[in-house]
*Asks:* 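Take a look at this one; I'll ask things after.
Position 1 is the first residue of the sequence; numbering continues from there.
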Amino acid sequence: MQGTVATYDAATRSGVLLLDDGTELAFPTRAFDASGLRLLRLGQRLRVETDAAGDVIRVTLPTMS
């Protein structure tokens, strides 16, 4: 699943993605920390990984695996 960064707080390293269907999906600090990324920009495309419960566990660039 992919989305676009709608908000990002560099202090907390968390934010909200806007999915392709218009749904907002918040990602917590631990999902950003698992990404290996250093920062995000508004409008940036990200790939979203979720667990079985639907919680975001990692956000990465679409080109990263």
Side-chain angles (χ1 to χ4, degrees):
M1 162 172 43
Q2 292 189 7
T4 303
V5 177
T7 67
Y8 174 67
D9 183 343
T12 63
R13 299 178 322 278
S14 62
V16 175
L17 300 174
L18 186 60
L19 301 180
D20 293 340
D21 66 359
T23 304
E24 290 186 353
L25 179 65
F27 63 90
T29 302
R30 70 182 181 283
F32 179 77
D33 289 346
S35 73
L37 300 172
R38 295 187 310 174
L39 59 94
L40 295 176
R41 293 174 284 115
L42 297 182
Q44 187 172 16
R45 292 288 291 174
L46 294 177
R47 186 178 66 181
V48 182
E49 295 178 27
T50 57
D51 62 13
D55 296 325
V56 178
I57 56 171
R58 185 175 165 197
V59 293
T60 59
L61 298 177
T63 57
M64 296 176 67
S65 39

*Asks:* Using the rule that Ile, Leu, Val, Met, Phe, Trp and Tyr join whenever any side-chain heavy atoms are under 4.5 Å apart, tell me whether Leu42 and Val59 fall into a single cluster.
*Replies:* yes
*Asks:* Applying side chain to side chain contact (heavy atoms under 4.5 Å, CB included), can you list everything that pairs with Ala53, at least two apart in sequence or on another chain?
*Replies:* Asp51, Asp55
*Asks:* Is there any salt bridge (Lys or Arg N to Asp or Glu O under 4.0 Å) pair reaching into residues 36-45, and which pairs are they, with sequence neighbours excluded?
*Replies:* Asp20-Arg45
*Asks:* For Ser14 and Pro28, work out which heavy atoms get closest and say how close.
*Replies:* CB-C, 4.0 Å
*Asks:* Taking the side chain as every heavy atom from C-beta outward, state whether Leu25 and Val16 have any atom pair closer than 4.5 Å.
*Replies:* no
*Asks:* So do Arg47 and Thr63 actually touch side chain to side chain, heavy atoms under 4.5 Å?
*Replies:* no
*Asks:* Could you note down all residue pairs passing ring-ring contact (aromatic ring centres under 6.0 Å, His included) where residues 32-57 supplies at least one of them, sequence neighbours left out?
*Replies:* Tyr8-Phe32
*Asks:* Please say yes or no: joined through hydrophobic side-chain contacts below 4.5 Å, possibly via intermediate residues, are Leu40 and Leu19 part of one cluster?
*Replies:* yes
*Asks:* To the nearest 0.5 Å, what is the distance between OG1 on Thr23 and CG on Leu17?
*Replies:* 11.5 Å
*Asks:* Look only at the side chain of Thr60 and the backbone of Ser35, and say whether a donor-acceptor pair between them is shorter than 3.5 Å.
*Replies:* no
*Asks:* Give me each pair satisfying salt bridge (Lys or Arg N to Asp or Glu O under 4.0 Å) with a member in residues 6-18, each pair once, sequence neighbours excluded.
*Replies:* Arg13-Asp33
*Asks:* Test of understanding: with side chain to side chain contact (heavy atoms under 4.5 Å, CB included), list the residues that count as partners of Thr50, not counting sequence neighbours.
*Replies:* Met1, Val48, Val56
*Asks:* Provide the full list of ring-ring contact (aromatic ring centres under 6.0 Å, His included) pairs with a residue in residues 9-29, sequence neighbours left out, each pair given once.
*Replies:* none
*Asks:* With a sphere of 6.0 Å drawn around CD of Glu24, does it hold more than 12 non-hydrogen atoms of other residues, nucleotides or ligands?
*Replies:* no
*Asks:* How close do Ala34 and Ile57 get, counting heavy atoms only, and between which atoms?
*Replies:* CB-O, 3.7 Å
